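Step one of this worksheet: look at the structure below.
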Number of protein chains: 2
Amino acid sequence: MTLDGPGTRSRATLTSLAAELGLHVSTVSRALSGDPGRVSATTVESVRRLAEQRGYRSNLTARALRTGRSSVVGMLVPRLTDEVLATVYEGVDLASMEADYVTLVANTLDDADLREQRVDLLLGRQVDGVILADSLLGSNAADRLDKAGVPYVLALRCLPTGLNVGTDDLLGGRLAAEHLLSLGHRRIGVIAGEDRASTGVERARGFLDACAEAGIAIPEHAVVPCRFSVTEGARAAAVLLDAAPDVTAIFAASDNVALGAVGTLRERGLSVPDDVSLVGYNNLPMAASMPVPLTSVDSRLVEVGRGAMAALLDLLDGGRPSSLRLAPELVVRASTAPPRA
Amino acid sequence: MTLDGPGTRSRATLTSLAAELGLHVSTVSRALSGDPGRVSATTVESVRRLAEQRGYRSNLTARALRTGRSSVVGMLVPRLTDEVLATVYEGVDLASMEADYVTLVANTLDDADLREQRVDLLLGRQVDGVILADSLLGSNAADRLDKAGVPYVLALRCLPTGLNVGTDDLLGGRLAAEHLLSLGHRRIGVIAGEDRASTGVERARGFLDACAEAGIAIPEHAVVPCRFSVTEGARAAAVLLDAAPDVTAIFAASDNVALGAVGTLRERGLSVPDDVSLVGYNNLPMAASMPVPLTSVDSRLVEVGRGAMAALLDLLDGGRPSSLRLAPELVVRASTAPPRA
DNA sequence: CTGAAAGCGCTTACAG
DNA sequence: CTGAAAGCGCTTACAG
């Protein structure tokens with residue numbers, strides 16, 4: 001480990017390569033950028049070889065300053081400790097890497113002030129575009145980005161306007177409802193998720209709509225909003241069971257929330273699925289490995305991330321990408337069964 | 001949402017402010033950087049006001065090119081979808097923000113080639129330093145960083161040499177052992193965690209050492225290594241129970257692994273803690289909200305992240321920070337009880 | 001096919 | 001206290 005500051009060992013630059021080869025820096029630049037037909041094959045060859053030997057790596061900072069493109073995109077998430085968001089990020093990151101971009105991610109904790117601050121930070125870093133995975137309903141996407149003319153894409157959490165890449169959560173909620181209804185459940189509770197996020201709202205609405213169409217009314221007191229965390233899931237489940245103790249099934253708008261709910265059910269001596277069936281959402285890896293493997297709606301989070309980045313890259317290339325809603329899929333496991341006779 | 005490319009609306013620059021004020025760009029730079037006593041108070045005042053009005057934001061790319069300091073640090077993690085690493089990152093990010101740095105994070109998936117590639121990427125981005133939270137025992141920290149003279153700090157996962165910031169995992173393992181021994185357990189299994197990472201190895205060794213000192217021998221077949229995930233935890237628990245079906249307690253080197261183990265125990269009709277007591281590690285929020293609240297060793301992950309960044313910043317300022325081992329703490333919950341009589 | 005020049009936006013010795 | 005100049009490392013029209 002070194003204690004010297006950065007740049008102690010002088011790195012190779014275009015200029016140093018040029019000097020060593022007796023060429024002009026501009027020629028070396030062209031040779032390396034692979035402008036085909038604009039520079040002789042032999043020159044390209046010798047430049048490439050020396051660059052390799054000297055361990056030359058283009059200074060992306062300088063390039064960014066010169067071209068006005070940083071090859072950096074920003075990404076806003078509520079928090080990265082939420083595996084759901086970390087998974088979307090993973091998709092974004094994969095697509096970034098393939099396109100020689102890099103993604104600067106920032107937590108906003110569902111806090112409006114912090115969010116503004118983070119956007120400012122990203123803009124100061126000259127990001128070419130931004131992926132917003134933390135949108136709250138009723139707010140605009142991001143004033144500052146609009147003002148700065150920096151393109152952005154909404155991911156996962158959607159808004160009525162703007163370029164959106166997410167899962168069809170209305171359909172996802174519907175799939176969960178159809179599954180429980182087909183098993184014979186009639187008294188069902190819903191832990192609806194974050195009520196300021198499209199994900200929470202639409203999953204619940206899709207579920208409730210499907211129930212209503214089947215002639216099953218879910219009373220209001222059996223629908224409890226809840227932030228997306230294990231702890232909040234446990235709390236919301238308690239509220240739900242107090243208000244509607246006779247439910248035979250619960251739809252939770254996320255796997256973490258479902259995990260919290262399992263704890264509360266157990267505390268009350270209710271077992272899954274014998275007493276209460278449980279459906280989660282997102283189909284995180286843990287769903288399959290939970291104490292009782294969890295039936296869950298797969299929301300294709302990595303693809304959401306990849307898709308959002310692809311749309312942003314298209315935008316940056318002057319394209320006109322359209323919004324995308326991926327189709328979710330129900331994965332049935334042991335946590336759901338017919339209600340007790 | 002705009003479809004224009006970046007930079008469409010021309011942003012205020014030092015030059016544009018200077019022109020508007022009839023000052024030289026260097027004066028404006030000094031006024032804004034707050035060089036005290038080097039520029040008149042009235043000038044500072046007028047420059048500040050205009051900068052505010054025009055929404056001036058310093059171009060950090062240009063500054064980086066000029067000063068040779070990017071105010072960007074890199075961070076390597078095995079994967080960010082692991083809540084443990086995401087939590088360490090959160091600490092790093094908080095400390096970064098306070099110091100006007102930004103952290104570029106990259107997944108390396110415990111894969112050596114991908115890691116080299118990621119380091120190259122970070123170096124190309126002119127990072128001032130790097131936090132390595134993905135070290136594997138037996139490998140060096142990072143050749144490329146040494147060669148490039150870029151300072152780095154090891155976080156969470158430690159190596160025998162280099163600047164390390166982590167938890168005292170030997171002690172953590174010991175705390176878990178003392179707890180189970182004091183409850184009266186004598187036949188104990190260990191799911192030892194990733195055997196290429198210091199965290200996995202030291203937690204297990206601390207545990208085994210404490211048992212040995214108490215005169216309790218844990219046979220080799222009751223110690224199963226395991227990657228840090230729910231899925232792997234479930235698998236390892238099965239291996240363990242096949243090899244040592246008579247255990248009355250299990251120490252799992254992470255909470256995720258413990259969660260996986262709960263599933264396996266349940267499958268086999270064993271209940272926690274009546275048949276088998278279970279101790280996890282890290283004390284993630286979910287530990288408290290698991291179906292059976294999990295006894296766990298708190299590894300102070302946010303502090304590890306903060307400490308690692310503080311050490312790196314010290315290094316970048318020419319300081320000589322020393323390694324840091326934080327003291328873990330046992331948090332007792334419902335998953336541990338005396339063995340059945 | 002290669003060279004020479006300009007310039008991205010900033011900071012920092014050097015003058016005055 | 002302010003100005004003028006140089007330069008970080010690159011790219012890209014413009015010549016030749």
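Given the structure is predicted, the values throughout are model-derived calculations rather than measurements. Letters A, B, ... are given to chains in the order of the sequence lines, protein chains preceding strands, and every chain is numbered from 1.
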Could you go through A:Arg118 and B:Asp93, starting from their C-alpha distance and side-chain angles, then the distance that decides it, and tell me whether this counts as salt bridge (Lys or Arg N to Asp or Glu O under 4.0 Å)? CA-CA 12 Å; A:Arg118 291 295 209 165; B:Asp93 185 50; 2.5 Å; yes
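- Across the protein-nucleic acid pair, A:Gln126 atom CD and D:dC10 atom P stand 18 Å apart, rounded to whole Å.
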Between B:Glu52 and B:Arg48, is the salt bridge (Lys or Arg N to Asp or Glu O under 4.0 Å) condition met? List the steps. CA-CA 6 Å; B:Glu52 174 91 9; B:Arg48 290 261 158 91; over 6 Å; no
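- What separates CG of A:Asn59 from C1' of D:dG7 is a distance of 14 Å, to the nearest Å.
- Per the geometry, CZ belonging to A:Arg57 stands 16 Å off C1' belonging to D:dC10, to the nearest Å.
- The CG-C1' distance, from B:Leu17 to D:dT2, rounds to 17 Å in whole Å.
- Counting non-hydrogen atoms under 4.0 angstrom, B:Leu60 reaches nothing in the nucleic acid.
- Note that OH of A:Tyr152 and OG of A:Ser135 are 9.0 Å apart. Values are rounded to the nearest 0.5 Å.
- Contacts of B:Thr43 with the nucleic acid, taken as non-hydrogen atoms under 4.0 Å apart, involve only primed sugar atoms and P, OP1 or OP2.
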Can you give me the N/O atom pairs linking the protein to nucleotides 11-14 of chain C at distances under 3.5 Å, or say none if there are none?
residue	atom	partner	partner atom	Å
C:dT11	OP1	B:Arg63	NE	2.8
C:dT11	OP1	B:Arg63	NH2	3.1
C:dT11	OP2	B:Ser29	OG	2.8
C:dT11	O2	B:Arg66	NH1	2.2
C:dA13	N6	B:Arg30	NH2	2.9

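- B:Arg306 and B:Glu98 are joined by a salt bridge, as a carboxylate oxygen and a charged side-chain nitrogen come within less than 4.0 angstrom of each other.
- Taking CG of A:Asp128 as the reference point, atom OG1 of A:Thr67 lies at 8.0 Å (rounded to 0.5 Å).
- Remark: D:dG3 base-pairs with C:dC14; criterion is Watson-Crick or G-U wobble with both hydrogen-bond distances under 3.5 Å.
- Separation of atoms CG (A:Leu156) and OG1 (A:Thr167) is listed at 6.5 Å; rounding is to 0.5 Å.
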